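What follows is a short report on a single structure.
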Amino acid sequence: MSTPHLHAVRGEILHFIADPASAGEAAFEHFADGLLLLRDGHVAELGPAPELLARLPAELPLTDHRGKLILPGFVDTHIHYAQTDIIASHGEQLLAWLEKYTFPAEARFADPAHARGVADFFCDELLRNGTTTALAFATVHAASVDALFEAALARRMRMITGKVLMDRHCPDFLRDTAAGGDAESKALIERWHGRDRLQYAVTPRFAATSTPEQMRLAGRLYAEHPGLYLQSHVAENQGEVAWVAGLYPEARSYLDVYDRFGQLGMRSVYAHCIWLDDTDRRRMAETGAAISFCPTSNLFLGSGLFDLGRARELGLRVGLGTDVGAGTSFSMLQTLNEAYKVLQLKGQKLSAASAFHLATLGGAHSLYLDERVGNFLPGKEADFVVLDPAATPLLARRMACAQTLDERLFVLMMLGDDRTVAATYVMGEAAWVRALTPARAA
């Protein structure tokens, strides 16, 4: 029997055990000088550093991050790895964006070497931004799924992805068939689902690009394999909503299309959900389906403003998605910045505590992963991010004026970005560490 690997990490520590929107200050634990005790890549104990250190062996390996804030790793609930190279592409709304930028970019993933190169960059960029868990779209090419799973496996990241299903209303070079897409998905599930920290998501792009037969098979696949995810898009753009209504006139709503094909349930995640009514929202809540709130891309594509307040009132699971490449940053801090502004336009307030819950435990809850990641309760996988409150001159100066934890968190989400991430840990091991510049080192 091997000896357990013990390691301690010291710094200011914050994590959530409930949603601040309902539980208030009882929702989180904060240690100004805290210690995380890690055993074999999992959290063994959390508490005040002086108290824990007094009873731990003096020779215990310890990483000192005092002066920095340690949070659970960020959870990105909607992102397109194949759109990495078209981030910041000018001038279109959703449907034109797909035709002009997305489909040509995704065609390149027929080349496995290209897919591997993008997948490696993509995973490194997530880690550089403090994201340790992601639900990601690949392309229609099975090799694109293999490439992303291989890159995530090498980094021990928690990754959920799947082959895009798309058998109509798309270019011939990206079109699969209902039967072919189903067979390829089954082979990928067999190869990857449940391997280390990897899980598979059945991935119909959206209702407009799949025939009824492909939608039926996707729903069957989702139902037949335990623990599978299903990811898609719904009600992002008004033109898209009208298009789907014409394609499926028998459905009550856009969301109802997915429901009719058995695609709502636990571990089904729908990006955007802007143009839903309360009947749709209640149906999502009762089936356990989740929403990915993607504020950056919703603003960039001019799609609309998500109603987080109503989703909360009706008890929906909601996570946060960067939605790269229509989203313009891999940074969850910058995504929270945009979320705050979207909700201001909706007449709603997003507190800093609620925001960071959304990016950590809230995201994990929306993915049914909150028993594994999202906070620092004993037994959880030790994924965490270390944030530097003095990462930029402006951030340092503004922090010097901050009076409370809530104010400091708000400053971090409004002024922070990838430069704020000092280190990212996966399963207790440093997966990315920011190198000091000569000026900072001095």
Side-chain angles (χ1 to χ4, degrees), residues 1-18 20 23 25-75 127-128 130-133 155-158 196-197 353 356-357 359-361 363-364 369-391 399 404-406 408-409 412 420-436 440-441:
M1 189 172 188
S2 61
T3 303
H5 175 66
L6 292 174
H7 174 219
V9 179
R10 186 175 187 177
E12 182 180 6
I13 300 175
L14 173 69
H15 76 139
F16 296 87
I17 52 179
E25 291 192 3
F28 63 87
E29 289 185 312
H30 174 238
F31 302 92
D33 182 11
L35 195 80
L36 266 178
L37 181 63
L38 311 176
R39 178 184 292 112
D40 295 333
H42 292 74
V43 177
E45 199 168 352
L46 167 67
E51 179 182 310
L52 290 182
L53 287 171
R55 57 181 175 81
L56 291 171
E59 66 274 15
L60 179 73
L62 187 145
T63 303
D64 195 337
H65 285 301
R66 278 179 289 181
K68 298 179 175 66
L69 177 64
I70 299 171
L71 287 161
F74 295 134
V75 179
L127 293 171
R128 201 172 66 82
T131 298
T132 54
T133 294
R155 293 158 179 80
R156 297 209 66 194
M157 298 173 71
R158 185 164 280 288
D196 196 49
R197 306 179 77 203
F356 278 93
H357 171 267
T360 57
L361 183 63
L369 289 173
D370 43 325
E371 291 186 357
R372 299 183 183 184
V373 296
N375 62 21
F376 297 134
L377 292 181
K380 295 289 183 74
E381 296 164 356
D383 293 347
F384 54 95
V385 58
V386 182
L387 301 181
D388 181 0
M399 281 293 182
T404 64
L405 173 64
D406 195 68
R408 288 192 293 122
L409 290 174
L412 276 173
T420 312
V421 177
T424 304
Y425 287 72
V426 172
M427 295 296 287
E429 301 289 338
W432 185 86
V433 178
R434 176 171 294 283
L436 293 177
R440 290 280 292 163

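For clarity, every value in this text was computed on a predicted model and none was experimentally measured. Position 1 is the first residue of the sequence, and the numbers go up from there.
Judged by distance alone, the side chain of Asp383 and the main-chain N or O of Met427 form a donor-acceptor pair under 3.5 Å. Distance alone, capped at 3.5 Å, is enough to place a donor-acceptor pair between the Arg434 side chain and the Val421 backbone.
The line from CZ of Phe356 to CG of Leu387 is 6.5 Å long, rounded to the nearest 0.5 Å. Going from atom CG of Leu53 over to atom CG of Leu37 covers 9.5 Å, rounded to the nearest 0.5 Å. Within the model, atoms CD of Glu51 and CD of Glu45 stand 8.5 Å from one another, a figure rounded to the nearest 0.5 Å. Atom-to-atom distance recorded for Ile17:CD1 and Asp370:CG is 13.0 Å, nearest 0.5 angstrom. The NZ atom of Lys68 sits 5.0 Å away from atom CG of Asp388, with the distance rounded to the nearest 0.5 Å. One distance of note links CG of Leu71 with CZ of Phe28; it measures 11.5 Å at 0.5 Å rounding.
In this model, a donor atom of one side chain and an acceptor atom of the other lie less than 3.5 Å apart for Thr63 and His7. In this model, no donor atom of one side chain and acceptor atom of the other lie less than 3.5 Å apart for His65 and Glu12.
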Practice problem: Show your reasoning for whether salt bridge (charged side-chain N to carboxylate O under 4.0 Å, His left out) applies to Glu429 and Arg156. | Solution: CA-CA 10 Å; Glu429 301 289 338; Arg156 297 209 66 194; over 6 Å; no
Exercise. Kindly indicate, with the supporting measurements, whether the criterion side chain to side chain contact (heavy atoms under 4.5 Å, CB included) is fulfilled by Leu69 and Arg408.
Key: CA-CA 10 Å; Leu69 177 64; Arg408 288 192 293 122; 5.6 Å; no
Exercise. Step by step, work out the side chain to side chain contact (heavy atoms under 4.5 Å, CB included) result for Glu29 and Ile13.
Key: CA-CA 8 Å; Glu29 289 185 312; Ile13 300 175; over 6 Å; no
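For Phe384, the ring-ring contact (aromatic ring centres under 6.0 Å, His included) test picks out Tyr425, with sequence neighbours left out. Scanning for side chain to side chain donor-acceptor pair (under 3.5 Å) contacts around Asp33 gives Arg10, with sequence neighbours left out.
With respect to Glu381, the side chain to side chain donor-acceptor pair (under 3.5 Å) criterion is satisfied by exactly one of Arg158, Arg372, His42: Arg158. For the side-chain contact (heavy atoms from CB on, under 4.5 Å) criterion with Met157, the lone passing option out of Thr133, Leu127, Thr424, Thr132 is Leu127.
Here the side chains of Leu35 and Leu56 are in contact, with some heavy-atom distance below 4.5 Å. Looking only at side-chain heavy atoms (C-beta outward), Leu14 and Leu409 come within less than 4.5 Å of each other. Between Asn375 and Lys380 the shortest side-chain heavy-atom distance falls below 4.5 Å. Leu46 has its side chain within reach of His15: a pair of non-hydrogen atoms, C-beta onward, lies under 4.5 Å apart.
Of all non-hydrogen atoms in Ala44 and Pro378, the two that sit nearest each other are O-CB, 3.9 Å. Nearest heavy atoms, Val373 versus Leu361: O-CD1, 4.4 Å. When all heavy atoms of Ala364 and Gly374 are compared, the pair lying nearest together is CB-CA, 4.0 Å. Taking all atoms of both residues into account, the shortest heavy-atom contact from Ala382 to Leu38 is CB-CD2, 3.7 Å. Across all their heavy atoms, Gly130 and Val385 have their closest contact at CA-CG2, 3.7 Å. For the residue pair Phe16 and Thr360, the shortest heavy atom distance occurs at CD1-OG1, 3.9 Å.
Within 6.0 Å of the CD atom in Glu371, the count of heavy atoms belonging to other residues, nucleotides or ligands does not exceed 12. Atom CZ of Arg39 sits in a sparse spot, with 12 or fewer heavy atoms from other residues, nucleotides or ligands closer than 6.0 Å.
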